[in-house]
Amino acid sequence: MTAPWWQGLAPVSAVLWCGDDQHTLAWDRGELVARDHPDLDGDRTLAALGGTTHPCVIAIDTWARHAEDLRVLLLSSRGPTDRLRSVVPIGGASAGGPPGPVMASPRAGGTVLAGTLQPGPHRSFAVLPRFTNATGYAAAVAGNGSVPASVDEDLAGLSALLDLHGGLARRLAATVAAHWTERLEAGDPVALEHRAELHAALYGRVLGAARVWLDDDGLDVTVDLVAPGEARALTRRGDGIHVALPMRWVTEVWSSDLAIVAGRFGLAASRPTPDRIDVQSVGPDLESCTVSMSMSTSAEPEVPGA
Amino acid sequence: MAGIATRVTAGSWSTSSVAACNAPSVADFDGELYLRLAAERLLLYPVAPGQGRGQGSGWSTPVIEIAAALVAVDALDADTAHRIAEGYEIASQLRGHEGSHGGLFRRHDLAPVVGAPLAPVRLAWCEHTVAVPWGSLTTHYALLAANSTVVGITATPTDTSTHAMRNFVTTMADEQGTQVQAHFSGQGGPVIRGQFGSQPGLDPTTRWIALDGVRLELGADVVPTAAVIEELPATTPAHRHLASVIGRAWQGGPRRVPETSIDLIIEALVAAGTMPVDDAFADQTRALVRAGQTGGSSSSGLPEPWASVVRRRAERRLHDREQAVWVIPVGAVTPSIDGAFVRIDTVELERREVSATIAVSPGSALGTFDPIIGTQEISWWATDDRGNHYLGHFAGGGGSAEGGDGTIRFGPLLDPAATVLRLLPTGSTERAVVEVALPGQGARP
């Protein structure tokens with residue numbers, strides 16, 4: 001029986017202001033929950049009837065709405081060196097927004113984007129300095145309804161979610177990648193139509209990791225998206241490297257931060273037991289190696305030889 | 001070669017970034033994959049907008065330029081290109097990249113607007129100079145269309161700001177009793193040039209126009225100048241696109257191309273199999289873009305007609321003595337120029353600087369605020385009977401998707417010995433030719 005894609009992924013969480021309280025958004029074993037929020041369903045119903053909207057509800061519902069959205073892979077961070085900045089919509093600008101400049105007061109350290117004088121659909125965002133996790137998300141979705149009123153509001157909500165600290169954005173990207181990996185491996189025609197997007201999602205993450213691994217921002221990296229069952233490989237090609245990986249690498253290796261392990265590039269990861277991870281990897285000299293890690297839940301780190 | 005395993009032949013749906021980048025033919029090239037992979041690289045390692053005139057802000061970004069190049073050579077459809085470019089622009093903005101457009105991306109929401117033939121308008125001589133409380137006003141022509149009226153003027157007011165000019169003439173009236181509010185557009189200075197216009201306008205058949213009660217008799221209608229179409233020498237889609245890129249780099253404005261994008265454009269065209277890697281035009285493109293953006297006057301190594309334009313650029317700074325304005329009504333309406341239509345209303349000379357007032361359909365032919373991907377603007381070339389070439393750029397105006405109007409300003413300065421100017425609004429495969437006789441040297445300002 002195949003292990004679920006999320007097996008072995010550490011739980012992550014983020015704190016946000018929800019009304020007058022701080023609540024925790026927690027991801028664990030493939031699910032996102034709003035811990036501490038007393039009545040999520042009730043508040044969602046009240047919001048639909050015109051009542052107060054809560055950031056917890058917005059976050060949970062936005063996550064659910066985009067759990068299969070390939071735009072998550074396009075917009076989200078490719079890795080530690082690829083950082084997003086906080087984004088807040090100006091007054092809920094909508095797809096049919098008014099013509100004329102749209103202005104907002106700049107905040108310290110931030111940049112304001114004014115709208116265009118040209119007619120036609122446009123969006124406006126204010127780029128703000130990164131807030132602490134607790135305040136940033138609530139500020140980002142202030143004014144959003146529980147159901148987005150427009151494409152722009154939905155995009156703003158998604159962008160705010162991707163900017164949350166604590167690793168939640170990475171888990172959302174892993175969720176989307178896992179969904180599409182399964183569809184691609186099953187030969188789903190829709191997934192096959194999107195293989196260029198999936199290939200790009202794989203490429204960007206391999207590129208970022210490989211350049212960090214070899215400490216070379218100019219490293220030439222080419223990537224083949226291979227079918228499941230085909231051999232995974234990393235070889236030298238001219239002054240660069242060529243990598244052949246399946247889409248599953250994103251979920252299996254990248255999402256678990258196993259792309260670089262002990263100075264080696266991770267090509268595959270398996271979990272022969274629940275507390276052990278084996279990473280098939282190559283070193284800078286292209287020698288292959290399996291790095292095995294065991295996980296212990298003991299409170300104190302074990303000291304070898306003690 | 002060392003590795004964890006020997007690579008096997010890719011499966012039926014595996015995609016290769018190598019194949020995308022090194023296609024032996026256009027048919028093998030995956031334009032979508034190429035654009036997405038290039039965009040990934042640029043997202044993680046953005047190209048700085050660059051320094052100097054013409055860099056930085058505008059609608060152009062490297063991703064948009066690669067997308068536009070692929071669309072221009074039919075390696076990718078415009079809708080997919082727009083969708084990909086928009087997604088990466090938003091991703092770029094989320095990272096705070098300098099020069100990204102994000103939500104301000106000029107996406108192609110509507111189906112391309114097809115140009116429509118421009119109806120001829122009545123162009124009448126209207127040469128009068130009258131003293132007015134605020135100075136003196138000289139009218140030159142009246143342009144009377146079904147729904148608009150324009151009167152071309154020069155003026156020497158006591159208050160030389162264009163803001164003040166907007167208060168000097170406020171109404172226009174005709175013999176049928178119609179009265180409309182007139183709005184000034186133009187430029188200020190010791191001698192103000194521009195137009196008073198209204199929309200809706202006056203009766204096109206009127207025999208006189210009154211500006212704030214001052215009655216001006218209209219002279220004879222101008223016989224429209226003929227416009228003929230010439231085919232351009234055959235060239236490849238890749239070269240046509242590079243010519244368009246050069247034109248945008250020279251014309252400036254929101255669609256200008258940063259020099260930092262040129263190599264990416266050329267790489268995309270080569271990867272798509274539409275031009276050889278050692279194509280000489282690639283180096284010429286780089287040189288011409290640089291020349292267009294630096295404003296220098298060295299034409300060494302540049303091809304014609306560009307060299308002609310560059311050689312005489314410096315004349316503006318050396319011979320800037322003439323003062324008066326000369327307005328030549330033209331009234332030419334062109335047939336289709338690769339789907340665009342142009343009307344040239346007047347040619348104006350001021351201190352040897354040539355400008356033309358024009359109208360176009362569709363609006364994208366002006367090449368102002370329209371999406372770069374999948375659109376083709378008109379290039380405003382001109383020649384004279386002395387063998388000189390001139391290149392114009394959009395200097396103001398407006399419009400919509402259906403059409404626009406405005407002023408095209410040409411450079412370098414007009415050769416004082418020229419007696420004929422051939423205006424050449426140029427598309428991708430053809431151009432119009434409108435020949436305008438210039439006033440004799442003795443009469444010219």
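In what follows, chains are A, B, ... by sequence order, proteins preceding strands, each numbered from 1.
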Give, for atom [atom1] of [X] and atom [atom2] of [Y], the distance between the pair rounded to the nearest 0.5 Å.
{"X": "B:Q93", "Y": "A:L75", "atom1": "CD", "atom2": "CG", "result": "11.0 Å"}
{"X": "A:R71", "Y": "B:R83", "atom1": "CZ", "atom2": "CZ", "result": "11.5 Å"}
{"X": "A:E197", "Y": "B:I84", "atom1": "CD", "atom2": "CD1", "result": "7.5 Å"}
{"X": "B:L94", "Y": "A:S77", "atom1": "CG", "atom2": "OG", "result": "11.5 Å"}

Would you check if A:H199 and B:L33 make a side-chain contact, meaning some heavy-atom pair closer than 4.5 Å?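 Yes - at least one pair of side-chain heavy atoms lies under 4.5 Å apart.
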Looking at every heavy atom in both B:Y45 and A:G208, which two are closest together, and how far apart are they?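 So the two residues come closest at OH-CA, 4.2 Å.
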Residue pair A:A200 / B:R36: nearest heavy atoms and the distance that separates them: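 So the two residues come closest at CB-CB, 3.7 Å.
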Can you tell which of A:T81, A:D217, A:L198, A:L162 has the highest number of heavy-atom pairs within less than 4.5 Å of chain B?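 Option with the greatest count: A:D217.
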Please test B:L43 against A:R78 for side-chain contact (heavy atoms from CB on, under 4.5 Å), starting from the C-alpha separation and ending with a verdict. CA-CA 10 Å; B:L43 186 66; A:R78 273 58 168 170; 3.5 Å; yes
